[in-house]
Protein chains: 2
Amino acid sequence: MTEQLSSVEERGDVMRAQALAREIFANIANKWALLIINALGENTLRFTELHAAVEGISHKMLTQTLRTLERDGVVNRLVHPTVPPRVDYTLTEAGLSLQTTVNAMCVWTRRHLDTIDEARHHFDAR
Amino acid sequence: MTEQLSSVEERGDVMRAQALAREIFANIANKWALLIINALGENTLRFTELHAAVEGISHKMLTQTLRTLERDGVVNRLVHPTVPPRVDYTLTEAGLSLQTTVNAMCVWTRRHLDTIDEARHHFDAR
DNA sequence: CGGCATCCATCTAGATACTG
DNA sequence: CAGTATCTAGATGGATGCCG
């Protein structure tokens, strides 16, 4: 009956979902986000501790990436109204489930360091 | 005996390994690389097929990312010396093992679409 | 068809400095 | 301590055109 109409609506939904998925994927599938998620793990870390834990990240990128992850419900941000201020970061439940796969990626990298180094030399020998 | 010397050497090795790990991680922990790896999976795909499979990637970024992945021993590149030329891409063994974790990330994204969408609205309501 | 080179707009990320 | 704002070099990525 309303087949045409509903198929149009469904296509719209699918496209919106795809756009959303792509955006989310882009948010988490980048170096800093993944390293932050992995650094957090089960821990509760303050801003400064995270800054130390994620080697090479700048103050600004840490804030920025944390905001994105917070917005996507991956990290929790708990502000203590003290002086000096104190902010605790933890992974949400969703974040924790993501962390296991992120960790797998880190393990993969460590596990293949030598193989990759060799592959590179082989590749560069041309 | 040579404790000082060897500890210096070891630290050098560790630092080199860390630098390598970070470089490799940066190479694979980015949107396009992960999407390419996921698109390949068990399949053999030609350049054009990959281009169609990875939505939104430009001709140039596809070539560029493929070169990096090939250099790191994640993808195989098989050139058929025909006219017109034909190039087949597959994942290497290392690439395949990485793909399983990448796929987990994609599944995670799909699985949390609604949660995230909600989290965003909650966050933006401020 | 697949790849490379070039040009160019845009985005990113680092440095710095300032606020509550 | 944590966050924001501004500025800027450099990386990124898209468009185009040419080559094998």
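The structure presented is a predicted model; accordingly, all values stated were derived computationally and were not measured. Just so we're on the same page: letters track the sequence lines, and every chain starts at 1.
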Visitor: Given C:dA13, D:dT4, C:dG3, identify the nucleotide with an atom nearest to the side chain of A:T63.
Guide: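 The nucleotide sitting nearest to the side chain is D:dT4.
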Visitor: Is B:E70 paired with B:R67 through a side-chain N to carboxylate O contact shorter than 4.0 Å?
Guide: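 Salt bridge between B:R67 and B:E70, a charged N being under 4.0 Å from a carboxylate O: yes.
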Visitor: Nearest of C:dG3, D:dC1, D:dT4 to any side-chain atom of A:H59?
Guide: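 When the side chain of A:H59 is considered, D:dT4 is the closest of C:dG3, D:dC1, D:dT4.
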Visitor: Whole angstrom is fine here: how far is it from CZ in B:R86 over to P in C:dG3?
Guide: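 So the two atoms are 13 Å apart, to the nearest Å.
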Visitor: Within less than 4.0 Å of OP1 or OP2 of D:dG3, is there a side-chain N or O belonging to A:Y89?
Guide: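 For D:dG3, OP1/OP2 do have a side-chain N/O of A:Y89 under 4.0 Å.
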Visitor: Of the candidate nucleotides C:dG20, C:dC4, C:dC7, which contains the atom at the shortest distance from the side chain of A:P85?
Guide: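 The closest nucleotide is C:dG20.
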Visitor: For DNA chain C, what dot-bracket results from Watson-Crick or G-U pairs at under 3.5 Å, with [ ] for crossers and | for inter-strand partners?
Guide: .|||||||||||||||||||
Visitor: Can you tell me how far P of C:dC11 sits from CE of B:M61, to the nearest Å?
Guide: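 About 16 Å, once rounded to whole Å.
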Visitor: Tell me whether the count of non-hydrogen atoms from other residues, nucleotides or ligands lying under 6.0 Å of CZ in A:R111 goes above 12.
Guide: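 Check fails, neighbour count at 12 or below.
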Visitor: Mind calculating the distance between CZ (A:F47) and C1' (D:dG3) to the nearest angstrom?
Guide: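 My rounded result for the distance is 7 Å.
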Visitor: For A:L62 and D:dT4, give me the distance from atom CG to atom P, rounded to whole Å.
Guide: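 That distance rounds to 12 Å.
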Visitor: What residues from residues 65-77 of chain A pass a heavy-atom cutoff of under 4.0 Å to DNA chain D?
Guide: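 Contacts with DNA chain D under 4.0 Å: A:R67, A:R77.
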Visitor: Answer yes or no: are there more than 12 heavy-atom neighbours, outside B:Q18 itself, under 6.0 Å from its atom CD?
Guide: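 Yes.
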Visitor: Nearest to the side chain of A:V87, which nucleotide is it out of D:dG3, D:dG13, C:dA13?
Guide: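 For the A:V87 side chain, the nearest candidate turns out to be D:dG3.
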Visitor: Where is the tightest heavy-atom contact between A:T44 and A:T90, given as atom of each residue plus distance?
Guide: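 Heavy atoms only, the tightest pair is OG1-CG2, 3.0 Å.
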Visitor: In terms of the angle between their ring planes, are A:F47 and A:Y89 parallel, tilted or perpendicular, with boundaries placed at 30° and 60°?
Guide: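 The arrangement is tilted - the two ring planes meet at 30° to 60°.
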Visitor: Atom CD1 of A:I57 to atom C1' of C:dT12: distance rounded to whole Å?
Guide: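 Rounded to whole Å, this separation is 13 Å.
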Visitor: Judged by modelled atom types alone, do B:S97 and A:W108 share a side-chain donor-acceptor pair under 3.5 Å?
Guide: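 Looking only at side-chain atoms, A:W108 and B:S97 do form a donor-acceptor pair, the distance falling under 3.5 Å.
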Visitor: Separation of B:N30 atom CG from C:dC11 atom P, in whole Å?
Guide: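 The answer, rounded to whole Å, is 18 Å.
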Visitor: Go nucleotide by nucleotide along DNA chain D from the 5' end; which of A:K60 and A:V79 gets its closest nucleotide reached first?
Guide: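 Mapping each residue to its closest nucleotide by heavy atoms, the 5'-most match is A:V79.
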Visitor: So that I can tick it off, tell me whether B:D88 and B:R77 are bridged by a salt bridge, with the cut-off set at under 4.0 angstrom between side-chain N and carboxylate O.
Guide: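 Salt bridge absent between B:R77 and B:D88.
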Visitor: Going from NZ on A:K31 to CG on B:N27, what distance comes out if it is rounded to the nearest 0.5 angstrom?
Guide: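 Going from NZ on A:K31 over to CG on B:N27, the span is 10.0 Å.
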Visitor: Nearest whole angstrom, please: distance from the C1' of D:dG20 to the NE2 of B:H80.
Guide: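 Going from NE2 in B:H80 over to C1' in D:dG20 covers 17 Å.
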Visitor: I need the CD-P distance between A:Q64 and C:dA15, as an integer number of Å.
Guide: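 From A:Q64 CD to C:dA15 P: 14 Å.
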Visitor: Please determine whether the number of non-hydrogen atoms from other residues, nucleotides or ligands lying under 6.0 Å from atom NE2 of B:H122 exceeds 12.
Guide: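 Not more than 12 within 6.0 Å, no.
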